[in-house]
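Following: one structure in structure tokens, then a few remarks.
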Number of protein chains: 4
Amino acid sequence: MSPRADVTEQRTAQIIAAASEIVADNGLDALRMDEVAERTGLSKGTLYLYFRSKHDLSLAMLERVLQRELDTVEGISATAATAEHALREFVDAVIRDIQMITRLMPISYGFLSIAFRNRQVQRALKKYLRRYIDSLTPIIRSGIESGEFQEVDPEEAAIAVAAVVEGTMLLWIYDRSMIDPARHIRSGIEHLLGGLKQ
Amino acid sequence: MSPRADVTEQRTAQIIAAASEIVADNGLDALRMDEVAERTGLSKGTLYLYFRSKHDLSLAMLERVLQRELDTVEGISATAATAEHALREFVDAVIRDIQMITRLMPISYGFLSIAFRNRQVQRALKKYLRRYIDSLTPIIRSGIESGEFQEVDPEEAAIAVAAVVEGTMLLWIYDRSMIDPARHIRSGIEHLLGGLKQ
Amino acid sequence: MSPRADVTEQRTAQIIAAASEIVADNGLDALRMDEVAERTGLSKGTLYLYFRSKHDLSLAMLERVLQRELDTVEGISATAATAEHALREFVDAVIRDIQMITRLMPISYGFLSIAFRNRQVQRALKKYLRRYIDSLTPIIRSGIESGEFQEVDPEEAAIAVAAVVEGTMLLWIYDRSMIDPARHIRSGIEHLLGGLKQ
Amino acid sequence: MSPRADVTEQRTAQIIAAASEIVADNGLDALRMDEVAERTGLSKGTLYLYFRSKHDLSLAMLERVLQRELDTVEGISATAATAEHALREFVDAVIRDIQMITRLMPISYGFLSIAFRNRQVQRALKKYLRRYIDSLTPIIRSGIESGEFQEVDPEEAAIAVAAVVEGTMLLWIYDRSMIDPARHIRSGIEHLLGGLKQ
DNA sequence: TATGAATGAGACTTCATTCAT
DNA sequence: CATGAATGAAGTCTCATTCAT
């Protein structure tokens with residue numbers, strides 16, 4: 001018999017939050033159920049009332065992080081006058097949330113190597129990318145239709161935009177002193193926009 | 001180099017190769033000294049004659065992988081007639097090695113989340129990115145000097161190029177059916193080139 | 001008995017029945033209070049209102065099973081014309097209930113190894129055997145008195161009968177394809193009868 | 001890489017012996033890898049060099065016990081002049097080893113309830129019974145051929161003999177004060193012999 | 001240089017039991 | 001009477017590392 005819905009929801013969130021803190025601080029490798037218990041103030045046994053296994057908890061954590069990042073991505077685009085403006089708004093939104101994004105990066109990046117083998121992780125990442133690209137493609141498409149942009153493949157262009165944003169964040173991990181996410185995302189996107197425009 | 005050093009070097013390479021196979025197949029999490037011993041045909045004790053710890057072995061493995069990828073990147077650019085050609089050659093080289101690159105991705109990506117905390121990993125990745133960008137920047141610069149490209153910040157542009165390449169590979173992990181590395185790297189770089197050119 | 005006592009009795013029986021199902025299906029090892037709660041539709045806390053501990057519940061379950069088997073054994077013998085007929089009736093009764101007996105065997109057999117150490121289990125099994133043998137002995141004795149049987153020790157002979165019946169069931173567990181309980185109990189008892197008769 | 005053959009054999013035997021002591025003393029439920037480690041003076045990790053799991057160790061222990069009991073059963077029958085003598089020798093051998101048999105009973109009996117569900121345990125017990133019966137059947141058959149015994153089904157009779165022996169041991173667990181293994185096995189077999197003989 | 005048996009800390013997970021409501 | 005969330009001791013198993021030979 002599972003706990004009452006409201007308690008469940010609260011506990012679930014509480015546990016995921018604690019796990020996320022740990023992973024953000026020390027990496028996915030350092031995630032220990034013991035420490036999750038300690039940080040939540042719950043007992044180890046209680047964790048298992050809410051998550052069948054550590055793997056389940058990890059997955060829930062990944063899904064929450066991806067959802068949060070999608071909130072940033074999907075929260076734009078509706079109102080901008082031109083496609084160019086919409087893309088700039090998208091970039092602004094990403095940069096506005098950059099603190100949170102970088103804070104949570106150890107979580108999603110911790111799953112990357114697992115993604116090669118784990119179906120559930122694959123599914124989560126796949127869904128994430130689908131929604132990510134599906135947010136950007138209509139912007140590109142409207143730009144083409146309005147004559148702002150050249151006649152490119154809209155999804156290809158959306159993928160290029162995503163690649164610049166995500167790729168820059170990736171390079172930032174490689175060298176945090178060399179890459180300035182805000183500046184380099186912005187300049188990368190500007191170059192891309194230059195190529196897209198007529 | 002004395003014969004003994006030769007043996008050492010050979011053993012070292014052999015151990016790294018075995019470890020790389022394991023990680024390429026099953027991820028960094030699945031790297032076990034036991035299995036390295038089994039695959040090399042050496043005893044577990046012997047591994048520790050060549051590497052102080054598993055961590056040292058991992059690091060050596062990372063460095064070899066990054067070096068290999070740099071071989072691809074640094075092996076170009078000298079002869080091309082124009083900057084545009086040079087960049088296209090770079091893209092061609094990357095795509096030519098795409099099989100090997102994707103094969104080795106679980107290795108480098110396995111270290112990403114570790115990079116947030118581990119100095120040695122940071123140093124290796126930093127050096128890698130430095131050389132990566134240092135290979136691309138002169139191409140951009142020569143393009144500017146020749147009047148092919150606009151007056152952009154050469155390093156910023158190089159970072160944009162790297163972001164497109166690396167970002168596309170990253171997105172490929174998210175959804176291997178949606179992203180076609182060759183096609184999407186090429187189209188991304190073309191869009192970028194469009195923005196760089198006069 | 002007050003109504004409350006009725007409820008108690010009913011709940012108790014319900015809990016024992018659920019536990020018995022679990023053990024019959026999956027063995028004593030697989031008995032979990034969680035699952036008893038689930039199967040009864042009661043909460044885990046409630047189980048402890050009716051049984052002080054899991055051990056108490058187990059013991060109650062064992063006693064019920066042994067009682068059921070005694071019902072088979074003790075339900076005979078009164079009316080038969082000869083001792084030989086009475087023993088054959090006993091065998092018939094056992095074979096008639098063989099389905100139920102084999103179904104419940106994981107329960108009683110689950111306690112066998114515990115019987116070496118646990119006083120309460122010992123007492124339950126001891127009482128069971130006493131009543132079992134006490135059902136058979138008078139039959140043998142009457143057979144001796146009537147001149148049907150030789151002058152054997154009646155209890156020894158009763159134990160031999162019980163050993164054949166219980167031993168055959170035991171061998172059936174060893175190899176269910178080799179032993180046919182009905183056939184082999186019958187033939188074993190026939191051989192024994194041949195030895196007992198003048 | 002598994003340990004050297006001689007060490008392996010010795011360690012394996014040592015571990016099984018320690019486990020057997022524990023189970024003989026306290027039952028299969030009480031078998032803890034921790035305690036096996038303690039009693040052998042080995043570390044917990046070492047146990048897992050020789051047995052993949054606790055279950056594997058348990059099974060090896062079961063097989064050794066069954067083999068030991070078969071040694072008693074199979075070690076007879078070759079030389080006796082008559083079938084009757086051969087069966088008596090068999091009984092004598094069992095009774096001679098009764099101390100060891102009863103000592104080891106918690107081991108084999110601990111597996112009985114598991115036998116309902118576990119294939120490996122089933123296989124071990126099945127093989128045991130097969131060999132047990134295959135030792136007795138030729139004796140019965142020779143008794144029939146020599147005219148000593150009636151024309152019974154030899155395997156049925158062998159099963160009856162085994163049922164008396166094993167069944168008596170089983171009843172002994174039910175009530176150790178009521179059953180005297182030596183006496184009751186002997187008397188049970190004598191009654192059976194009476195029925196078998198012409 | 002090489003071995004491989006041994007270690008033991010530490011990870012995950014289970015489950016009987018309690019207790020505030 | 002009844003609940004069910006919470007507990008935490010206890011168990012199995014893994015694996016990097018060591019060391020005597």
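Below, chains carry the letters A, B, ... as their sequence lines are ordered, and counting in each starts from 1.
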Q) Which listed nucleotide (F/dT7, E/dA16, E/dT14) is nearest to the side chain of A/Tyr48? A) E/dT14
Q: Run the salt-bridge test on D/Asp34 and D/Arg39 with the 4.0 Å N-O cut-off and return the result as yes or no.
A: no
Q: Starting at atom CG of B/Leu28, determine the distance to atom C1' of F/dC15, rounded to an integer number of angstrom.
A: 15 Å
Q: Before giving the answer on side-chain hydrogen bond (donor to acceptor under 3.5 Å, both in side chains), spell out for D/Gln14 and D/Arg11 the whole-Å C-alpha distance, their side-chain angles and the decisive distance to 0.1 Å.
A: CA-CA 5 Å; D/Gln14 177 189 12; D/Arg11 282 274 181 272; 2.9 Å; yes
Q | Rounded distance in Å - CZ (A/Phe51) to P (F/dA5) | A | 15 Å
Q) Of B/Gly45 and D/Met33, whose closest DNA chain F nucleotide lies nearer the 5' terminus? A) D/Met33
(Q) Could you tell me how far apart C/Glu38 (CD) and F/dG4 (P) are, to the nearest whole angstrom? (A) 13 Å
(Q) Using heavy-atom distances to pick each residue's nearest nucleotide on DNA chain E, tell me which of A/Asp34 and C/Ser53 is more 5'. (A) A/Asp34
**Q.** Nucleotide nearest A/Ser43 when distance is taken to its side chain, options E/dA2, F/dT3, F/dG8
**A.** F/dG8
Q: Find the distance A/Leu31:CG to E/dC12:C1' and express it as a whole number of Å.
A: 12 Å
Q) For A/Leu47 and B/Asp29, take the nucleotide of DNA chain F holding the closest heavy atom to each; which residue's nucleotide lies nearer the 5' end? A) A/Leu47
Q. How close or far is atom C1' of E/dC15 from atom CG of C/Leu57, stated in whole angstroms?
A. 15 Å
Q. Heavy-atom count around A/Lys127 NZ within 6.0 Å, excluding the residue itself: above 12?
A. no
Q) Rounded to the Å, how far apart are C/Tyr50 OH and E/dT18 C1'? A) 18 Å
Q.
Here's a test for you: under ring-ring contact (aromatic ring centres under 6.0 Å, His included), which of D/Tyr109, D/Tyr128, D/Phe111 qualifies with C/Tyr174?
A. D/Tyr128
Q | Assigned partner base of F/dA10, Watson-Crick or wobble definition, under 3.5 Å | A | E/dT13
Q) Out of E/dT3, F/dT7, E/dC12, which nucleotide sits closest to the side chain of B/Thr46? A) E/dT3
Q) Salt bridge check: are A/Lys44 and A/Glu35 linked by an N-O gap of less than 4.0 Å? A) no
Q. Is any side-chain N or O of B/Arg11 closer than 4.0 Å to OP1 or OP2 of E/dT1?
A. no
Q | Pair A/Glu21 + A/Arg103: basic N to acidic O under 4.0 Å | A | yes
Q: Specify the separation, in whole Å, of atom CZ of D/Arg32 and atom C1' of F/dG11.
A: 7 Å
Q: Classify the side chain of D/Lys44 versus the base of E/dG10 as yes if they form a donor-acceptor pair under 3.5 Å and no if they do not.
A: yes
(Q) Only pairs with both distances under 3.5 Å count, Watson-Crick or wobble alike; so what is the partner of F/dT18 in this structure? (A) E/dA5
**Q.** d(NE2, B/His55; P, F/dT17) in whole Å
**A.** 10 Å
**Q.** Nearest listed nucleotide, side chain of B/Leu49, among F/dA2, E/dT3, F/dC13
**A.** E/dT3
Q) Looking at the side chain of A/Val7, which of E/dT1, F/dA6, F/dC1 is the nearest nucleotide? A) F/dA6
Q) Taking the side chain of A/Lys54 as its heavy atoms from C-beta onward, which of E/dA11, E/dT7, F/dT12 lies nearest to it? A) E/dA11
